[in-house]
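In what follows, a single structure is set out as structure tokens and then discussed.
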Amino acid sequence: MSYLTSFPGETNLMDVLVADGARAAPLLGYTRHVMRGPSAFSPAEREMIFAFVSGLNACSYCFGQHSHAARLLGIDEGLIDALVRDVQTAPVDDRFKPVLAYVAKLTRAPSTVIASDVEGMVAAGWDDRAVLDANAVCGLANLMNRMVDGTGVEMDQTGLQRVGIMIAEHGYAPPGGPPTPDA
């Protein structure tokens, strides 16, 4: 379902995106690059960050898809739920805690991000590339969360898992096409 009257019945985010191909094409290309292109973070870690941000935003659609993809790519069962509850007590590598604290702050109160938030990542061993990559995944997740929630797109748990499997196995291939080299 969707809040949009021109999308009767079952509607997913891809339906909303491709309804305006001029907007969808660059956004989907950007998504492929951010989520599967060169990065300081593995695809599993990027899926974890995306799911974490979606959990903070209570976007069950994106949280369900990306947390399932993250699990299939090797992120421990239950970790993302634990992160959403409390990053500091979650069983995640200490090196990741400043990354997740940074994206949490960037999601909840972006105007309050200060140099010490980035310095915390650097002190944990991350470089500027990692900061930019975390920022890009966070921004993309927030954009997609708002597109989903703003249009009322929903999917049942089975559908969310099915999309999570497609993401894990094929990356972010163009709709209807084979996976691309950066997917």
Side-chain angles (χ1 to χ4, degrees), residues 2-4 12-14 16-17 19-20 22-70 75 79-155 160 167 172:
S2 169
Y3 302 146
L4 307 174
N12 62 47
L13 179 57
M14 192 57 66
V16 172
L17 291 175
D20 185 353
R23 289 186 201 169
L27 178 58
L28 294 173
Y30 181 72
T31 300
R32 282 191 301 278
H33 181 72
V34 167
M35 298 303 290
R36 291 298 187 274
S39 175
F41 303 109
S42 71
E45 292 165 341
R46 284 179 269 177
E47 292 297 338
M48 177 184 70
I49 293 168
F50 197 114
F52 171 63
V53 169
S54 298
L56 294 177
N57 286 326
C59 180
S60 60
Y61 184 98
C62 292
F63 180 81
Q65 291 178 2
H66 293 278
S67 61
H68 192 66
I75 300 298
L79 175 58
I80 299 166
D81 290 323
L83 290 170
V84 172
R85 282 191 302 276
D86 183 5
V87 167
Q88 294 309 312
T89 61
V92 68
D93 185 324
D94 284 341
R95 188 168 184 244
F96 252 95
K97 289 183 180 184
V99 173
L100 297 166
Y102 170 76
V103 298
K105 191 172 187 181
L106 190 57
T107 296
R108 292 179 173 143
S111 67
T112 67
V113 172
I114 57 176
S116 63
D117 298 315
V118 171
E119 291 163 0
M121 288 179 62
V122 172
W126 299 104
D127 61 11
D128 287 352
R129 174 61 190 242
V131 174
L132 292 172
D133 292 347
N135 192 293
V137 173
C138 178
L140 180 63
N142 277 295
L143 170 65
M144 294 301 190
N145 293 170
R146 280 144 183 82
M147 291 181 78
V148 164
D149 290 340
T151 58
V153 171
E154 296 177 339
M155 190 176 281
L160 296 174
I167 290 170
Y172 294 83

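Because only heavy atoms are used, hydrogens play no part in the values below, and waters and symmetry mates are left out as well, while side chains stay in.
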* Salt-bridge criterion met for Asp81 and Arg85 (N-O under 4.0 Å) -> no

* Asked: Does the ring centre of Trp126 sit less than 6.0 Å away from the ring centre of Phe96?
  -> yes

* Is there a donor in the side chain of Tyr61 and an acceptor in the side chain of Asn145, or the other way round, less than 3.5 Å apart? -> no

* **Close side-chain approach of Thr31 to Met144, heavy-atom, < 4.5 Å** => yes

* To do: Go through the steps for Asn135 and Leu132 under the test side chain to side chain contact (heavy atoms under 4.5 Å, CB included), then give the verdict.
  => CA-CA 5 Å; Asn135 192 293; Leu132 292 172; 5.5 Å; no

* Asked: Distance only, no hydrogens: is a donor on one side chain within 3.5 Å (strictly under) of an acceptor on the other, for Asn57 and Ser54?
  -> no

* Structure fact -> Minimal heavy-atom distance between Val99 and Ala134, with the atoms involved, is CG1-CB, 4.1 Å

* **Option among Gln65, Glu45, His66 that satisfies the side chain to side chain contact (heavy atoms under 4.5 Å, CB included) test with Phe50** => His66

* Asked: Looking only at heavy atoms, which two atoms of Val153 and Leu13 are closest? And how far apart?
  -> CG1-N, 3.6 Å

* Show your reasoning for whether side chain to side chain contact (heavy atoms under 4.5 Å, CB included) applies to Glu47 and Val137. => CA-CA 9 Å; Glu47 292 297 338; Val137 173; over 6 Å; no

* Asked: Quick one: does Lys97's side chain have a donor or acceptor within less than 3.5 Å of a partner on Gln88's backbone?
  -> yes

* Asked: For the atom pair CD1 (Ile49) and CZ (Phe41), what is the distance rounded to the nearest 0.5 Å?
  -> 4.5 Å

* Asked: Between Arg46 (side chain) and Val34 (backbone), is there a donor-acceptor pair under 3.5 Å?
  -> yes

* Where the side chain of Asn142 meets the backbone of Cys138, is there a donor-acceptor pair that is under 3.5 Å apart? -> yes

* Output yes when a side-chain donor or acceptor of Asp133 lies under 3.5 Å from a complementary backbone atom of Ala40, and no otherwise. => yes

* Looking only at non-hydrogen atoms, find the nearest pair between Ala124 and Pro98 and report the distance. => CB-CG, 3.5 Å

* **Flag side-chain contact, heavy atom, 4.5 Å: Ser60 against Glu154** => no

* Report yes if some heavy atom in the side chain of Met35 is under 4.5 Å from a heavy atom in the side chain of Pro43; otherwise report no. => no

* When you look at CG of Asp127, are more than 12 heavy atoms from neighbouring residues, nucleotides or ligands closer to it than 6.0 Å? -> yes

* Can you tell if the side chain of Val92 reaches within under 4.5 Å of the side chain of Leu83, non-hydrogen atoms only? -> yes

* Asked: If you look at every heavy atom in Phe63 and Ala51, which pair is closest and at what distance?
  -> CD1-O, 3.2 Å

* Structure fact -> Looking only at heavy atoms, the pair that brings Pro26 and Ala22 closest together is CD-O, 3.3 Å

* Measure from the side-chain N and O atoms of Ser2 to the backbone N and O of Thr151, and report whether any donor-acceptor pair falls under 3.5 Å. => yes

* To do: Taking all heavy atoms of Ala44 and all of Ala70, pick out the closest pair and write down the distance.
  => O-CB, 4.2 Å

* Working for side chain to side chain contact (heavy atoms under 4.5 Å, CB included), residues Leu27 and Leu143 -> CA-CA 10 Å; Leu27 178 58; Leu143 170 65; 3.7 Å; yes

* Any salt bridge between Asp149 and Arg146, counting N to O under 4.0 Å? -> no

* After noting the C-alpha distance and the side-chain angles of Ile167 and Arg36, does the key distance pass the side chain to side chain contact (heavy atoms under 4.5 Å, CB included) rule? -> CA-CA 10 Å; Ile167 290 170; Arg36 291 298 187 274; 3.6 Å; yes

* Asked: So how far is it from Met48 CE to Ser67 OG, rounded to the nearest 0.5 Å?
  -> 12.0 Å

* With distance as the sole test, does Lys105 use its side chain to make a donor-acceptor pair with the main-chain N or O of Pro110 at under 3.5 Å? -> no

